[in-house]
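Down below is the structure, laid out as structure tokens.
The structure presented is a predicted model; accordingly, all values stated were derived computationally and were not measured. The sequence lines fix the lettering, A, B, ..., with proteins before strands; numbering per chain opens at 1. The basis for the numbers below is simple: all heavy atoms, side chains too, and nothing from hydrogens, waters or symmetry mates.
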Protein chains: 2
Amino acid sequence: MGKTMHENAVAAPFAAEKLRLAGLRPTRQRLELASHLFGGPDRHVTAESLHDEVVEAGIKVSLATVYNTLHQFTQAGLLRQVIVDAARGYFDTNTGDHQHFFLEDEGMLIDIPGETITVAGVPTAPPGMTVDRVDVVVRIRRS
Amino acid sequence: MGKTMHENAVAAPFAAEKLRLAGLRPTRQRLELASHLFGGPDRHVTAESLHDEVVEAGIKVSLATVYNTLHQFTQAGLLRQVIVDAARGYFDTNTGDHQHFFLEDEGMLIDIPGETITVAGVPTAPPGMTVDRVDVVVRIRRS
DNA sequence: AAGTAGTTTAGAATAATTCTAAGTCGAGAA
DNA sequence: TTCTCGACTTAGAATTATTCTAAACTACTT
């Protein structure tokens, strides 16, 4: 199974516009990564997992480009980085307000919608500092 | 300046007991690391920072041993690992229920006491899984 | 068609952490 | 005390994720 018509005919042009709006040239690599990332429901990837996935799909992209692209997309606000594991970095296509379950056994993330969890009582930041964001990670494991 | 009498006469024996209770042999290295970690108020360290600190204090310990020891102390419940930075691992001598400010600019942690923040609405874990713990990280930066 | 700045890439470089294999030490037995 | 053995420590190599470098390539403007 290769790429479906859906991905090429619909997702890619969609992606091209996203990239242009973000001020990024719509190169082949970026377009292909973007359609893998944004062509379906929200997802969580690592640089390796995305690289493996696109290589598997027959796309020629270097791992360095995957890293570059993930960071550029993150800077452009198309992705968000999630810090849950000291060993590797995760990127989330859902950039809205939400939190995560982290399955420690499998190294897998599951979104928790933004309205679900309420965090109350966050103290004001020390003088001269501002809150960038509040992350909640619910660490779960096989019971 | 070497070790003070306080550290040797009070903190170290205290540490020796801690180690014995944890089932860890009170070796010179573990005792010295323990008194640096537990001989004062709660603190946050990385393997490098602790290693630098003890070497500076004239103690002979290898970085590998610092890593080993931090992990053993963590397993024994004497320390807790805090994941806030993809680049390095932090260890916290405060193992009780509490949360953190993370100063992204300096890579520094500040404790937020356990009663301060309330997290409501945490969904039940997926079937077959149990919540290990809920971490809240308030990321702050210079404004 | 050509120029140029932005991109991609292979491979080297870095940084944190772990592993390995050999030497050392602590605590109980003799 | 001395012996013994498993636990512990260590230097240095190895591993892993990520970043850097410098050269080749490509999208867009003129």
Give a yes or no on this: more than 12 heavy atoms of other residues, nucleotides or ligands lie within 6.0 Å of atom CD of Q75(B).
no

Side-chain atoms of T65(A) come closest, of dT9(C), dT26(D), dT9(D), to dT9(C)

Over how many whole Å does the gap from L31(B) atom CG to dT9(D) atom C1' extend?
14 Å

If every non-hydrogen atom of A22(B) is compared with every non-hydrogen atom of L78(B), which pair is closest and at what distance?
CB-CD1, 4.4 Å

Sugar-phosphate only, base, or nothing, as touched by T27(A) at under 4.0 Å among non-hydrogen atoms:
sugar-phosphate

Five-pair end axes of the helix from dA1(C)-dT30(D) to dA30(C)-dT1(D) and the angle they enclose, rounded to 10°
10°

From CG of L19(B) over to C1' of dC25(C), roughly how many Å is that when rounded to an integer?
15 Å

d(CZ, R20(B); C1', dA7(D)) in whole Å
15 Å

Whole-Å distance separating the CD atom of Q72(B) from the P atom of dT10(D):
12 Å

Pair K60(A) + E32(A), salt bridge at N-O below 4.0 Å:
no

What are the two closest heavy atoms between A76(B) and L24(B), and how far apart are they?
CB-CD1, 4.5 Å

Could you please spell out the steps behind the side-chain hydrogen bond (donor to acceptor under 3.5 Å, both in side chains) verdict for D111(B) and H44(B)?
CA-CA 9 Å; D111(B) 279 352; H44(B) 304 96; 2.7 Å; yes

For R28(A) and for R28(B), find the nucleotide of DNA chain C with the closest heavy atom, then tell me which residue's nucleotide is more 5'.
R28(A)

Would H71(B) and F91(B) count as a close aromatic pair, with their ring centres under 6.0 Å?
yes

Expected rows: protein N/O vs nucleotides 11-17 of chain C N/O, under 3.5 Å:
unit_1  : atom_1 : unit_2 : atom_2 : d
dA16(C) : OP1    : R88(B) : NH1    : 2.9
dT17(C) : OP1    : G89(B) : N      : 2.8
dT17(C) : OP2    : Y67(B) : OH     : 2.4
dT17(C) : O5'    : Y67(B) : OH     : 3.2

In whole angstroms, how far is the C1' atom of dA11(D) from the CG atom of N68(B)?
13 Å

Interatomic distance, K60(B) NZ vs dC8(D) P [rounded to whole Å]:
18 Å

So, is R25(A) close to the dT26(D) phosphate, meaning a side-chain N or O under 4.0 Å from OP1 or OP2?
no

Stepwise, does the side-chain hydrogen bond (donor to acceptor under 3.5 Å, both in side chains) test hold for H100(A) with D135(A)?
CA-CA 9 Å; H100(A) 297 96; D135(A) 285 336; over 6 Å; no

Without decimals, in angstroms, what is the distance between L24(B) CG and dA27(C) P?
12 Å

Evaluate the side-chain proximity of H36(A) to V45(A): yes if any heavy-atom separation is below 4.5 Å, no if none is.
no

Spacing between F73(B) atom CZ and dT9(D) atom C1', to the nearest angstrom
14 Å

With no hydrogens and no angle check, is any side-chain donor or acceptor of S143(B) less than 3.5 Å from a backbone partner on G128(A)?
yes

